[in-house]
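Report on one structure; see the data block that follows.
This chain uses plain numbering: 1 for the first residue, then up along the sequence.
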Amino acid sequence: MSLSLAEALEHVDLQPGQTYRETVNGLTVEVRVLDDAPTPELAEQVMLLPWLEFPFNPVGTVRARPGTLPLPDPPVIPPDDGDSE
């Protein structure tokens, strides 16, 4: 039976701001315990500038009304080439 990483870390006394390293199966595993404040590395990965700006004053209001939509056009299926045996 194998444990997931999250299940294994539940049994460890982790402290905020600490970094833990361990070698497992010849690989070095590093676990960093973050507190509520983002780290500088994490802050660099987060997009800070929005790609869309909303106007400060609304220009108009759109009201949704229930209704039915027309059905889409049926797909055009080309005829077979006559290669069916």
Side-chain angles (χ1 to χ4, degrees):
M1 179 173 110
S2 64
L3 291 174
S4 71
L5 180 60
E7 291 171 339
L9 291 175
E10 287 178 357
H11 304 289
V12 180
D13 182 28
L14 300 173
Q15 300 297 321
Q18 296 294 321
T19 301
Y20 302 92
R21 288 187 183 160
E22 188 65 39
T23 302
V24 179
N25 295 334
L27 300 171
T28 301
V29 178
E30 180 179 278
V31 176
R32 286 185 281 166
V33 183
L34 304 176
D35 51 6
D36 291 338
T39 61
E41 297 88 13
L42 182 61
E44 289 177 4
Q45 296 174 4
V46 176
M47 182 178 68
L48 299 177
L49 297 175
W51 59 272
L52 175 66
E53 293 182 13
F54 292 102
F56 290 106
N57 298 326
V59 178
T61 303
V62 177
R63 293 189 186 264
R65 287 184 233 132
T68 59
L69 293 175
L71 294 175
D73 294 333
V76 177
I77 302 174
D80 290 342
D81 292 335
D83 292 333
S84 62
E85 295 179 20

What donor-acceptor contacts under 3.5 angstrom involve side-chain atoms of residues 21-29, with partners at least two apart or in another chain?
residue, atom, partner, partner atom, Å
Arg21, NE, Glu30, OE1, 2.7
Arg21, NH2, Glu30, OE1, 2.8

- Name all residues meeting the side-chain hydrogen bond (donor to acceptor under 3.5 Å, both in side chains) criterion together with Asp13; count only those two or more places apart in sequence or in a different chain, and write none if there are none. Gln15
- Sequence neighbours excluded, every pair satisfying salt bridge (charged side-chain N to carboxylate O under 4.0 Å, His left out) that has a member inside residues 55-64: none
- Query: What are the two closest heavy atoms between Leu9 and Leu14, and how far apart are they?
  - Reply: O-CD1, 4.2 Å
